[in-house]
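The block underneath contains the structure these notes are about, expressed in structure tokens.
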Amino acid sequence: MPAGGFSAVSKNDGTVFEAKITPIVVISCVMAATGGLMFGYDVGISGGVTSMPDFLKKFFPVVYRKTQMKEEIDSNYCKYDNQGLQLFTSSLYLAGLTATFFASYTTRRLGRRLTMLIAGVFFIIGTVLNATAENLTMLILGRISLGCGVGFANQAVPLFLSEIAPTRIRGGLNILFQLNVTIGILFANLVNYGTSKIEGGWGWRLSLGLAGIPAGLLTLGALMVVDTPNSLIERGRLEEGKAVLRKIRGIDNVEPEFLELVEASRVAREIKHPFRNLLKRRNRPQLVIAVALQIFQQCTGINAIMFYAPVLFNTLGFKSGASLYSAVITGAVNVASTVVSIYSVDKIGRRMLLLEAGVQMFISQLVIAIILGIKVKDHSDDLTKSFAILVVVMVCTFVSSFAWSWGPLGWLIPSETFPLETRSAGQSVTVCVNLLFTFVIAQAFLSMLCHLKSGIFLFFSSWVLIMSVFVLFLLPETKNVPIEEMTEKVWKQHWFWRRFVGEDDIECKKVGNNRS
């Protein structure tokens, strides 16, 4: 019995595949995207608790004494320069990087749904360890467990969303993951703002413990949703895959799309070494763009601001309450701007959003660097209320442009460009590179802030300029292009990348002729 909904179509080799946007697709995508909610909460919560005096006093007494001016410091920019404190934040991403290698296997062999369930279990274990931590070892172990959850979730969720969604709304539904990341960050900022006012020194435990809410939602969601037809067919469960395809598309005649998926799966099974295949010439465009997008995403400086927003505002002379409040404002802007992306990504297109954001991010970071360079010195700050407000406005301008561009599109574009035979391996590489550079930025930012001072914003703005040039010349538009047609409609039509795909096809034909 077809479910209700409005129709979306996708074309493939001249065939029109009808697909209704059914309730099961919407519910599945919302539940799956809670993996982003957990990721966002972990990003936002660390910066807040590391600015709480009670937390610092218990786990990082050296930093506590610096922030309380009980020890002489070289510069206002160096209050939080501590490798242990940075390790608390960055250990999550190093663990996520390691877990990704295992997640690639489970995503391919056990399915997207079960991989999301494994992520949920890791999240719950990490939350319990962090909320009950009595020493630094227990705290770091909790962050490592959370990192494993991030590795599994970031591997499975974008694939799940891109495979279950009809082509015409694939971009919007996939960005649900990034929207939930931003909601998680905002939720964490609000929690930090509230728990910082709790007397008795246990507010930080509540902040870390409330991560159990998104962790529980992801685990529950993984138990409730169906696996994608792509994943079921890939594992040889053809009839089940066909039944799920009929269910999620809301129509009875799914035979053309089903046969397309079966053929794609057959081709994928012939690839015995997906990672080795990923390095072949014909896959180079997707690989280069996926890796470049992850490096560029982190080099915007966004995670440095999201991780350490309260710490950053404290460094600039904001009081503790004001710094947390400012972080809440930036978190709210982050959520609102991601909603803009959901409605615009499949209309305006990927390239236009990235190029517009490049201009906005460059200008905002340049203004911040100039203000701080003039007003915030090593041993004094002359950041008046009006300039402080301007800094917050510029940070919000930067965050908003990132949230409707590099944030969601850094994940969306790789998930929709890799062919099925290399999709799991490609997503694994994407997540690995992202987590590697997230770890580097998280581990280095406070030290970079200490040494570069206001110049750190010039460092990030120069990267924004580089990545905008890359988008202008080397990133093709993938709006409304079915995943299975990316090679023909995108890579073979691009002025630069077609030489890789085309020459590889010629080489394959030569080999075939020689054999015959």
Side-chain angles (χ1 to χ4, degrees), residues 38-68 77-99 122-123 125-151 184-185 188-189 191-192 195-196 201-212 214-215 298 302-315 320 323-324 327 435-450:
M38 186 69 208
F39 186 25
Y41 191 86
D42 287 333
V43 168
I45 208 68
S46 59
V49 296
T50 52
S51 69
M52 294 181 186
D54 293 316
F55 178 83
L56 293 175
K57 189 174 182 180
K58 184 174 180 65
F59 297 106
F60 305 99
V62 174
V63 179
Y64 173 76
R65 289 193 294 271
K66 286 182 181 179
T67 59
Q68 301 300 309
Y77 291 97
C78 298
K79 291 178 186 176
Y80 293 92
D81 181 19
N82 180 275
Q83 290 298 310
L85 183 63
Q86 292 175 126
L87 183 63
F88 165 70
T89 299
S90 65
S91 58
L92 182 147
Y93 306 99
L94 188 60
L97 173 62
T98 305
F122 272 119
F123 280 139
I125 294 171
T127 299
V128 171
L129 285 172
N130 273 351
T132 60
E134 290 298 332
N135 52 58
L136 186 57
T137 301
M138 198 171 174
L139 195 69
I140 298 298
L141 285 175
R143 292 290 287 180
I144 289 172
S145 181
L146 290 173
C148 290
V150 167
I185 292 171
N189 289 334
V191 167
N192 283 332
T195 57
S196 66
W202 57 272
W204 63 269
R205 291 191 185 276
L206 184 59
S207 289
L208 296 175
L210 285 176
Q298 296 311 308
I302 184 64
N303 275 342
I305 291 175
M306 290 291 106
F307 293 155
Y308 298 116
V311 168
L312 179 62
F313 288 128
N314 263 338
T315 298
S320 180
S323 67
L324 288 170
L435 290 174
L436 175 61
F437 279 83
T438 303
F439 166 75
V440 170
I441 294 295
Q443 185 64 33
F445 176 70
L446 295 179
S447 297
M448 290 171 67
L449 181 63
C450 178

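Basis for what follows: all heavy atoms, side chains included, without hydrogens, waters or symmetry-related copies. The first residue in the sequence is number 1, and the count goes up from there.
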Check: Leu129 and Leu146 side chains under 4.5 Å, non-hydrogen atoms: no
Just so I know, are the side chains of Tyr41 and Val191 near enough to count as touching, which here means a heavy-atom distance under 4.5 Å? yes
In Å, rounded to the nearest 0.5 Å, how long is the span from CH2 of Trp202 to OG of Ser207? 10.0 Å
Sequence neighbours left out, what passes side chain to side chain contact (heavy atoms under 4.5 Å, CB included) with Leu436? Give chain and number order. Leu97
Minimum heavy-atom separation for Ser145 and Gly126, please, with both atom names. OG-N, 3.3 Å
Taking Gln86 for the side chain and Ser447 for the main chain, is one N or O donor matched with an acceptor at less than 3.5 Å? yes
Using atom types as modelled and distance alone, determine if a side-chain donor or acceptor of Arg143 lies under 3.5 Å from a backbone N or O of Tyr93. no
Is any side-chain heavy atom of Leu139 closer than 4.5 Å to a side-chain heavy atom of Asn130? yes
Report yes if the side chains of Met52 and Thr195 come closer than 4.5 Å at any heavy-atom pair, otherwise no. yes
Note, Ile45 side chain near Leu208 side chain (heavy atom, < 4.5 Å): yes
Check whether any side-chain heavy atom of Phe123 sits under 4.5 Å from a side-chain heavy atom of Pro214, and report yes or no. no
How many angstroms lie between atom OG of Ser51 and atom CG of Leu56, to the nearest 0.5 angstrom? 7.5 Å
Quick check for you: to the nearest 0.5 Å, what is the distance between Lys79 atom NZ and Leu446 atom CG? 12.5 Å
Counting neighbours of NZ on Lys58 that are heavy atoms of other residues, nucleotides or ligands and sit closer than 6.0 Å, is the number greater than 12? yes
Is any side-chain heavy atom of Thr50 closer than 4.5 Å to one of Phe88? yes
In terms of relative ring orientation, are Trp204 and Phe59 parallel, tilted or perpendicular, with 30° and 60° separating the classes? perpendicular
Going by heavy atoms in the side chains, are Thr127 and Met38 under 4.5 Å from each other? yes
Assess whether side chain to side chain contact (heavy atoms under 4.5 Å, CB included) is satisfied between Phe55 and Phe60, documenting all intermediate values. CA-CA 8 Å; Phe55 178 83; Phe60 305 99; 3.7 Å; yes
Could you grab the distance from atom CG of Leu92 to atom OG of Ser46, nearest 0.5 Å is fine? 8.0 Å
